[in-house]
2 protein chains.
Amino acid sequence: MEHEPQIQPNFVADTHVPLELYERQDLLVGQIAAEVARDITEGRLLPGADLNSVELASRFNTSRTPIREALMLLEKEGLVEILPRRRPRVAHISLAEIAELYDIRAVLNGFMIRKFIENASGEDLDEMDAILAKLRTEAARRDVPSFLATRTALHNFWVDRCGNSSLQRLLRSWKMRMSVTRLGGDVSREFDRILLDNERLAIACREHDSALGVALITSMTHFGEHMIRQQQTARRETGMMP
Amino acid sequence: MEHEPQIQPNFVADTHVPLELYERQDLLVGQIAAEVARDITEGRLLPGADLNSVELASRFNTSRTPIREALMLLEKEGLVEILPRRRPRVAHISLAEIAELYDIRAVLNGFMIRKFIENASGEDLDEMDAILAKLRTEAARRDVPSFLATRTALHNFWVDRCGNSSLQRLLRSWKMRMSVTRLGGDVSREFDRILLDNERLAIACREHDSALGVALITSMTHFGEHMIRQQQTARRETGMMP
DNA sequence: GTGAGTCGATATGTCGACACTTCTGCGTCG
DNA sequence: CGACGCAGAAGTGTCGACATATCGACTCAC
């Protein structure tokens with residue numbers, strides 16, 4: 001099991017994955033799944049890393065049974081790869097698959113923001129503006145971690161208030177799945193663009209312009225893909241680890 | 001465990017769920033998950049039915065371990081409900097949730113057909129026409145089971161050739177999830193409409209008119225929801241079982 | 001050196017067992 | 001007559017064990 005972060009300082013991932021996904025928290029399966037999921041999405045376990053149940057069992061001081069169950073759940077979430085009679089590993093996502101996931105996310109995000117715009121109440125919009133104001137001050141302060149956390153909070157806010165709980169679950173799961181790429185943008189250069197994108201999207205929400213909202217969030221999602229793509233190929237060229 | 005079909009003859013479900021979903025077929029988990037999934041999607045196990053692991057273990061002549069793992073997989077697929085320390089049950093889907101699932105499916109189907117139209121080769125279109133021709137003759141013969149199977153085959157064909165394997169998996173899983181509603185249209189009255197819809201969609205594909213294709217498949221998906229909705233409320237009024 | 005074969009060491013899939021919780025049918029009390 | 005409580009039955013979560021399969025370092029032929 002590898003415990004080396006190996007992430008460049010400036011390239012901070014935007015995903016602090018919420019783990020309510022794993023209900024049954026009082027059960028060992030839930031806790032183990034949550035912790036391993038965190039290890040993966042936060043980069044302590046890199047794609048391909050060994051996840052054999054014996055080692056995990058000794059790490060968690062349990063038997064192998066709940067470990068196996070947790071790994072099966074994570075496999076369904078796309079974080080882990082399991083082949084019969086072979087040791088489970090952290091999932092490895094190809095460039096082609098990243099593109100697929102982003103395309104789908106763009107579509108789902110578009111539908112999500114449309115539903116939000118259709119259903120949002122005045123209080124929702126006020127709350128949205130409050131989060132956006134926070135994002136604005138953090139951008140001015142160039143406070144990377146807070147900025148990223150708030151950006152995620154804003155997106156999660158939209159997802160949570162879109163009025164479709166199945167979509168909410170699906171989008172959260174999708175976001176987590178994509179986070180195994182371990183690639184985020186170089187935020188220090190992107191504060192203003194990111195902030196501006198979100199400002200414009202918020203305006204579209206305020207004005208109940210769902211067509212514009214869909215267009216904006218779609219392009220924002222695809223821009224995320226663009227950055228990851230660049231970074232991925234850059235790594236490949238400089239001979240960095242996969 | 002209830003083994004009573006209790007489905008009206010004319011209301012045939014359109015979903016013969018493909019079970020390649022459950023890889024690891026040489027393992028007990030895979031076989032058990034596949035068989036229980038069939039039991040649920042084909043109506044032998046109705047929503048709310050008891051799925052306690054002891055009974056299933058004796059039915060499959062195994063220990064409870066692979067049973068528990070299979071049920072956890074099916075829970076992730078949305079076919080089974082598991083609460084901590086309670087007996088697993090076949091998932092019960094509310095009307096509101098059905099609407100949510102259909103909305104999402106409509107969006108995903110729209111994206112799927114757009115990708116198909118963008119990527120389809122000449123051979124793909126010919127193959128599509130072959131399936132459509134089969135559908136046409138079966139409609140003329142009023143052969144309900146074959147007609148439904150072919151309609152499903154046509155839809156699966158589009159899904160399989162849309163060029164996005166993640167979307168393919170997601171849509172198949174989504175379809176299976178929705179099939180626990182155990183509600184299908186009264187096909188005998190709908191042959192011509194269903195056939196016509198698919199013919200028009202195929203024409204849109206042939207003419208590479210993705211906007212039209214998206215519009216058609218979206219409305220088709222929502223029409224499916226409409227029928228289920230009617231049927232569900234009709235059942236409720238006549239006091240039939242949920 | 002490079003590749004196939006070999007043989008412990010190590011992991012996996014499945015099992016039966018155990019403590020503890022939930023379920024269920026029955027008798028009691030208001 | 002219905003709500004409540006209780007004890008036995010039944011089910012769940014977790015464990016340690018075992019047969020079997022994979023892994024990996026080593027050997028040996030080429």
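Everything quoted here is computed from the prediction, not taken from an experiment. Residue numbering restarts at 1 for every chain, and letters A, B, ... go by the order of the sequence lines.
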Any N/O pairs under 3.5 Å between the protein and nucleotides 6-12 of chain D? List them or say none.
unit_1	atom_1	unit_2	atom_2	d
D:dT12	OP2	B:Ser53	N	3.2
D:dT12	OP2	B:Ser53	OG	2.7

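- B:Ser146 pairs by the side-chain hydrogen bond (donor to acceptor under 3.5 Å, both in side chains) definition with B:Asp143, not counting sequence neighbours.
- Atom CD1 of B:Ile67 is separated from atom P of C:dG16 by 12 Å (rounded to the nearest Å).
- Considering only residues two or more places apart in sequence or on other chains, A:Glu100 meets the side-chain hydrogen bond (donor to acceptor under 3.5 Å, both in side chains) condition with B:Ser165, B:Ser166.
- Note: CG (B:Asp50) to P (C:dT22) measures 16 Å, nearest angstrom.
- The distance from atom CG of A:Leu28 to atom P of C:dT21 is 14 Å, rounded to the nearest whole Å.
- At whole-Å resolution of the value, CD in A:Glu69 and C1' in C:dT14 are 13 Å apart.
- Applying the side-chain hydrogen bond (donor to acceptor under 3.5 Å, both in side chains) test to B:Arg89 and every residue at least two apart in sequence or in another chain returns nothing.
- In terms of the salt bridge (charged side-chain N to carboxylate O under 4.0 Å, His left out) criterion, A:Asp103 has no residue partners (sequence neighbours excluded).
- The CG-C1' distance, from B:Asp26 to D:dT22, rounds to 14 Å in whole Å.
- In this structure, B:Ile82 atom CD1 and C:dT22 atom C1' are separated by 16 Å, rounded to whole Å.
- A salt bridge links A:Arg59 to A:Glu35: at least one charged side-chain nitrogen sits closer than 4.0 Å to a carboxylate oxygen.
- Partners of A:Val90 under the side chain to side chain contact (heavy atoms under 4.5 Å, CB included) rule, at least two apart in sequence or in another chain, are A:Ile40, A:Leu45, A:Ala49, A:Leu51.
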